[in-house]
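Heads up: the structure comes next, in structure tokens.
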2 protein chains.
Amino acid sequence: MTVLSKSCIYGVQAAIYLASLPKSEYVSIQEVAGKLNISFHFLTKVLQILTQAGIMISYRGPNGGIALARPSSSVSLADIIGAIDGTEVFTECLLGLPGCGHADPCPAHEQWTSMRNRLYHICKTTTLEELATKASELNVRLAAHPLVQHFTPKE
Amino acid sequence: MTVLSKSCIYGVQAAIYLASLPKSEYVSIQEVAGKLNISFHFLTKVLQILTQAGIMISYRGPNGGIALARPSSSVSLADIIGAIDGTEVFTECLLGLPGCGHADPCPAHEQWTSMRNRLYHICKTTTLEELATKASELNVRLAAHPLVQHFTPKE
DNA sequence: AACATTTAATACTAAAGAGTACGAAATACG
DNA sequence: CGTATTTCGTACTCTTTAGTATTAAATGTT
Ligand code: SF4
Ligand code: SF4
């Protein structure tokens with residue numbers, strides 16, 4: 001059980017990748033998928049969601065691709081998560097009970113809502129720009145695994 | 001995408017239910033499932049995990065059932081989550097990258113690890129006793145839905 | 001106009017999670 | 001001993017998520 005779905009993680013990674021590029025031209029999904037070591041076709045579906053949500057724009061044909069629709073400083077982590085996974089993470093409960101609230105709380109209410117609010121605050125105030133800056137500053141990884149295809153194991 | 005699996009939520013609910021009972025005798029799974037409005041068979045599987053993990057003890061035969069193996073004050077929320085869902089929630093990342101750490105961080109590292117640690121701390125220090133006390137004090141709900149079977153809808 | 005490139009859209013397959021069913025084993029009780 | 005009760009263990013089905021494949025639509029280049 002994870003906090004974010006795979007689709008959502010891929011979307012965030014792709015967005016950070018785009019934001020970390022020097023200039024914002026259209027980048028082919030193929031390039032992004034290759035750099036992040038994600039299945040091209042699967043990433044295509046995820047990025048379709050983000051374009052439909054107005055977070056990215058796409059352009060078909062040669063030299064086409066995708067790009068951020070807005071400056072990276074005005075796209076929050078919460079925007080991307082909300083578009084792909086929905087706001088469930090920020091609104092639902094640790095114990096997953098539907099329609100929770102102060103009027104009808106379960107025993108873990110106080111501590112969880114406090115955490116949940118903090119999570120939302122963090123995601124809402126963390127921008128793609130920040131993430132991308134940190135990524136290039138720290139020479140930090142984005143993809144799940146460094147490609148190890150050079151070291152083909154013997155067996 | 002949720003933080004805890006359904007199985008885990010059911011396990012926590014059942015544990016709180018047991019802990020909130022005045023005395024600790026064996027309670028049949030059927031009773032627990034009925035009170036919490038959970039499928040009996042499914043809950044059986046979940047509670048098997050908890051007995052194998054040493055958190056509950058079971059007894060077969062008439063008047064058998066399950067009970068907490070330890071006093072509710074020495075069972076933490078983290079114990080139950082760890083037994084059912086594993087420690088993934090506390091160790092893995094928001095972005096789900098495997099093998100993360102200070103040596104090889106992704107851009108969201110700092111803020112996420114801070115949150116993750118807080119989650120772990122909360123779960124580790126919250127005991128069943130506290131949850132059960134709160135549950136009975138506040139007359140708080142445990143089950144997902146109040147049973148509405150009395151009001152059978154016309155259509 | 002023909003062609004190559006690249007996203008859009010849909011459909012299909014695989015894997016995991018959630019839930020159901022049923023028989024076996026243990027135990028109390030008559 | 002026989003039977004009812006209750007957990008244990010396995011196997012099966014259904015649903016959701018993840019991943020793959022294929023075709024269609026758009027657009028630049030020759
Ligand atoms: S802990 Fe609070 S937010 Fe979560 S289900 Fe219970 S009442 Fe709702
Ligand atoms: S945010 Fe930190 S803990 Fe999470 S994957 Fe990145 S490096 Fe690991």
Side-chain angles (χ1 to χ4, degrees), chain A residues 1-14 18 25-69 81 84-86 88-89 92 95-96 98 144, chain B residues 1-14 18 25-34 36-69 81 84-86 88-89 95-96 98 144:
Chain A
M1 202 60 21
T2 55
V3 177
L4 302 180
S5 69
K6 279 284 188 71
S7 296
C8 190
I9 291 168
Y10 292 163
V12 172
Q13 289 179 354
L18 289 182
E25 285 180 341
Y26 288 113
V27 179
S28 81
I29 298 180
Q30 213 143 22
E31 175 186 328
V32 180
K35 284 282 167 55
L36 301 181
N37 201 26
I38 302 173
S39 150
F40 162 70
H41 293 289
F42 193 49
L43 185 58
T44 291
K45 287 203 302 189
V46 174
L47 295 186
Q48 263 179 57
I49 298 173
L50 290 181
T51 58
Q52 282 163 8
I55 294 174
M56 293 183 182
I57 44 178
S58 62
Y59 199 84
R60 290 198 265 202
N63 302 320
I66 54 165
L68 292 173
I81 295 174
I84 299 176
D85 272 356
E88 191 190 78
V89 196
E92 281 300 317
L95 298 185
Chain B
M1 202 61 21
T2 55
V3 177
L4 301 180
S5 70
K6 276 284 185 71
S7 299
C8 191
I9 291 167
Y10 292 160
V12 172
Q13 290 178 354
L18 289 182
E25 283 180 346
Y26 288 111
V27 179
S28 80
I29 298 180
Q30 213 143 23
E31 176 186 328
V32 181
L36 301 181
N37 202 25
I38 301 173
S39 152
F40 162 70
H41 292 288
F42 194 47
L43 184 58
T44 290
K45 290 203 302 185
V46 175
L47 295 186
Q48 262 178 57
I49 298 174
L50 289 181
T51 59
Q52 283 163 7
I55 293 174
M56 294 182 180
I57 46 179
S58 63
Y59 200 83
R60 292 197 263 200
N63 303 320
I66 53 165
L68 290 174
I81 295 174
I84 299 176
D85 272 356
E88 190 191 77
V89 195
L95 299 183

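Chain letters run A, B, ... following the sequence lines, proteins first and then strands; every chain starts at 1. The structure displayed is predicted, hence computed values, not measured ones.
Taking CG of B:L95 as the reference point, atom CD of A:Q13 lies at 6.5 Å (rounded to 0.5 Å). For the atom pair A:I66 CD1 and A:Q48 CD, the distance stands at 11.0 Å (nearest 0.5 Å). Atom CD1 of B:I55 sits about 7.5 Å away from atom CD1 of B:I84, to the nearest 0.5 Å.
Look at A:S39 and you'll find a side-chain N or O under 4.0 angstrom from OP1 or OP2 of D:dT20. Note on A:K6: every side-chain N or O is 4.0 Å or more away from OP1 and OP2 of D:dT17. Contact annotation: B:Y10 side-chain N/O to C:dA18 OP1/OP2 distance is not under 4.0 Å.
Distance, A:L43 CG to C:dT6 P: 15 Å, rounded to whole Å. Whole-Å rounding puts the A:I38 CD1 to D:dG19 P distance at 10 Å. As rounded to whole Å, 13 Å separates atom P of D:dT16 from atom CD of A:E88. Here D:dA18 presents its C1' atom at 14 Å from CD1 of A:I84, a figure rounded to the nearest Å. The CG-P distance, from A:D85 to D:dT17, rounds to 9 Å in whole Å.
Across all non-hydrogen atoms, the minimal contact from B:A14 to B:L43 is CB-CD1, 4.2 Å.
Distances were taken from every side-chain heavy atom of A:F42 (C-beta onward) to each of D:dG28, D:dT20, C:dA18; the shortest belongs to D:dT20.
Between B:P62 and B:M1, the one whose closest nucleotide on DNA chain D sits nearer the 5' end is B:P62.
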Once each nucleotide of nucleotides 7-15 of chain C is scored for protein heavy atoms under 4.0 Å, what B/S/- sequence comes out, 5' to 3'?
BBBBB----
Show me the donor-acceptor pairs within less than 3.5 Å that the side chains of residues 26-33 of chain A make with the rest of the protein, sequence neighbours left out.
from: A:S28; atom 1: OG; to: A:E31; atom 2: N; distance (Å): 3.1
from: A:E31; atom 1: OE2; to: A:Y17; atom 2: OH; distance (Å): 2.9

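The side-chain hydrogen bond (donor to acceptor under 3.5 Å, both in side chains) test applied to B:T51 returns no partner, not counting sequence neighbours.
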